[in-house]
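Heavy-atom basis, side chains included; hydrogens, waters and symmetry copies ignored. Quick caveat: nothing in here was measured; it's all calculated off a predicted structure.
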Amino acid sequence: MFPTGSKIIVRLSVLFDVDCPLTLFISPQAFISSNKLSFQGKKKMALWVILCVGFLSLVSSVQGYGGWINAHATFYGGGDASGTMGGACGYGNLYSQGYGTNTAALSTALFNNGLSCGACFQIMCANDPQWCLRGSIIVTATNFCPPGGWCDPPNHHFDLSQPVFQHIAQYRAGIVPVIYRRVRCKRNGGIRFTINGHSYFNLVLITNVGGAGDVHAVSIKGSRTRWQPMSRNWGQNWQSNSYLNGQSLSFVVTTSNGHSVVSYNVAPPNWSFGQTYTGRQFRY
């Protein structure tokens, strides 16, 4: 398919501003016997090929969409990430909600006034060999990083929980350049609906959303009503001002990519405020 000595350039400039040259030889013997490279040169080329192949395997192992984008990352919340609980998305206890410490607060340019809550991002430290560690992380947007310093518009910035930051960079770095891309969220179990508020004010917190992860529209239906659109109150809290007591509740959840999931009769007729009910899930 390729003649001896052909070269394929795998462009990685988006990520590290380098090319990945893979020089192809007809056989290992031809590579070994080539007098064009010194022994040390052959070792370096072999190592470079291994690193390139490994890198390409890494970035293709996650279902992503869209290209890689440059940004920066810092950390907050302490070594146990206790300072990341709560937040502008309204998720409360991130451990009990299933998000754990793989979370991030987004700068204004990424937060989208809260509509990005629940979205997942793959992040890698880049272009800083002094502080970067190998590998990547996947985090969920659970908070807002207010303007001030690195989070000022139009900066793309991730304020990560400290534990997950230390998977891609050394603690002493403080701030590192990164590359990121949106990826699909993989969740355990179904979408969760936590009903708060009171009669004529149903405030539903929606968590554990797979697929695109970020909810952009919700509709609710009581067993004695038609479908009604809900309005977003804040974060991922959605409200309805209808009287729905004593009715089973169904929901339609639509994410940013336009995909929807219908969960019929999620809450039984005797549902109560303060309780969480589980519906269907987006396919990964």
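Interatomic distance, T140 OG1 to L94 CG, rounded to the nearest 0.5 Å: 9.5 Å. For the atom pair H216 NE2 and S260 OG, the distance stands at 12.0 Å (nearest 0.5 Å). Atom CH2 of residue W150 and atom NE2 of residue H72 lie 4.0 Å apart, to the nearest 0.5 angstrom. To the nearest 0.5 Å, atom CG of residue N102 and atom CG of residue L160 are 9.5 Å apart. Expressed to the nearest 0.5 Å, how far CD of Q228 lies from CD1 of I220 amounts to 7.5 Å. Interatomic distance, CG of L249 versus OH of Y277, reported as 8.5 Å (0.5 Å rounding).
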**OP:** Please step through side chain to side chain contact (heavy atoms under 4.5 Å, CB included) for the pair N257 and R184, ending with a clear verdict.
**Re:** CA-CA 11 Å; N257 58 1; R184 293 176 61 78; 4.2 Å; yes
Original post:
Do L106 and F158 pass the side chain to side chain contact (heavy atoms under 4.5 Å, CB included) test, and can you show the C-alpha distance, the side-chain angles, and the key distance before you say yes or no?
Top reply: CA-CA 5 Å; L106 306 185; F158 295 87; 3.6 Å; yes
**OP:** Decide yes or no on side chain to side chain contact (heavy atoms under 4.5 Å, CB included) for Y200 and N241, but give the supporting numbers first.
**Re:** CA-CA 5 Å; Y200 296 103; N241 296 327; 5.7 Å; no
Original post:
Would T194 and L203 satisfy side chain to side chain contact (heavy atoms under 4.5 Å, CB included), going step by step from the backbone distance to the final call?
Top reply: CA-CA 8 Å; T194 302; L203 191 66; over 6 Å; no
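Under the 4.5 Å side-chain heavy-atom criterion for ILVMFWY residues, a single connected hydrophobic cluster contains both V253 and M230. Put simply, I168 and I69 are part of the same group of oily side chains (I, L, V, M, F, W, Y) that touch within less than 4.5 Å, one to the next. In this structure, F282 is not a member of the same hydrophobic cluster as Y99, with clusters built from ILVMFWY side-chain heavy atoms closer than 4.5 Å. Under the 4.5 Å side-chain heavy-atom criterion for grouping Ile, Leu, Val, Met, Phe, Trp and Tyr, V176 is connected to I137 within one hydrophobic cluster. Put simply, V252 and Y264 are part of the same group of oily side chains (I, L, V, M, F, W, Y) that touch within less than 4.5 Å, one to the next.
The backbone N or O of G190 lies less than 3.5 Å from a partner atom in the side chain of N208, making a donor-acceptor pair. When atom types are taken as modelled, the side chain of N202 and the backbone of Q239 share no donor-acceptor pair closer than 3.5 angstrom. Side-chain N or O atoms of T101 include none that pairs as donor or acceptor with a backbone N or O of V164 at under 3.5 Å. Looking only at distances, a side-chain donor or acceptor of S240 sits under 3.5 Å from a matching main-chain atom of S242. Under a 3.5 Å cut-off, the side chain of Q122 and the backbone N or O of R181 do not form any donor-acceptor pair.
Note on ring orientation: taking the six-membered ring where Trp is involved, the planes of F251 and F193 are parallel (angle under 30°, cut-offs 30° and 60°). Between F75 and Y171, the ring planes are tilted. Angles from 30° to 60° get that label. Between F201 and H198, the ring planes are tilted. Angles from 30° to 60° get that label.
Side-chain contact check for Y76 and N143: at least one donor-acceptor pair (N or O, by modelled atom type) lies under 3.5 Å. Side-chain contact of Q166 with Q170: a donor-acceptor pair under 3.5 Å is absent, judged by distance alone. With no hydrogens or angles considered, a side-chain donor-acceptor pair links T74 and H157 at under 3.5 Å. Checking S116 against D214 by side-chain atom types alone, no donor-acceptor pair falls below 3.5 Å. Of the N and O atoms on the side chains of N245 and S199, at least one donor lies less than 3.5 Å from an acceptor on the other residue.
For N93, the CG atom is densely surrounded, since the number of other residues' heavy atoms within 6.0 Å is greater than 12. Shown here is Y95, whose OH atom has more than 12 heavy atoms of other residues, nucleotides or ligands within 6.0 Å. Shown here is D80, whose CG atom has more than 12 heavy atoms of other residues, nucleotides or ligands within 6.0 Å.
Side-chain contact between P269 and S248: present, with at least one pair of heavy atoms (C-beta onward) separated by less than 4.5 Å. Side-chain atoms of Y180 and H156, non-hydrogen and from C-beta on, do get closer than 4.5 Å to each other. Side-chain contact between T278 and I191 is absent, with no heavy-atom pair separated by less than 4.5 Å. No side-chain heavy atom of T254 sits under 4.5 Å from any side-chain heavy atom of V218. V204 has its side chain out of reach of N196: every pair of non-hydrogen atoms, C-beta onward, lies at least 4.5 Å apart. The closest side-chain heavy-atom distance from W271 to V266 is not below 4.5 Å. Between M124 and W68, some side-chain heavy-atom pair lies under the 4.5 Å cut-off. Contact check for V209 versus T255: side-chain heavy atoms found under the 4.5 Å cut-off.
Nearest heavy atom pair, residue C151 against residue P146, reads CB-O, 3.3 Å. For the residue pair C117 and Y91, the shortest heavy atom distance occurs at C-OH, 3.4 Å. Nearest heavy atom pair, residue T225 against residue Q247, reads CG2-OE1, 3.5 Å. Residues A105 and C145 come closest through the heavy atom pair CB-N, 3.9 Å. A pairwise comparison of heavy atoms in W234 and C89 identifies CZ3-C, 4.1 Å as the closest pair. Nearest heavy-atom pair across S250 and N265 is OG-N, 2.7 Å.
Annotation: cation-pi pair R182/F121 present, NZ/CZ under 6.0 Å from the ring centroid and within 45° of its normal.
Each of Q236, R187, R192 was evaluated against T207; a single residue qualifies, R192, per the side-chain contact (heavy atoms from CB on, under 4.5 Å) test.
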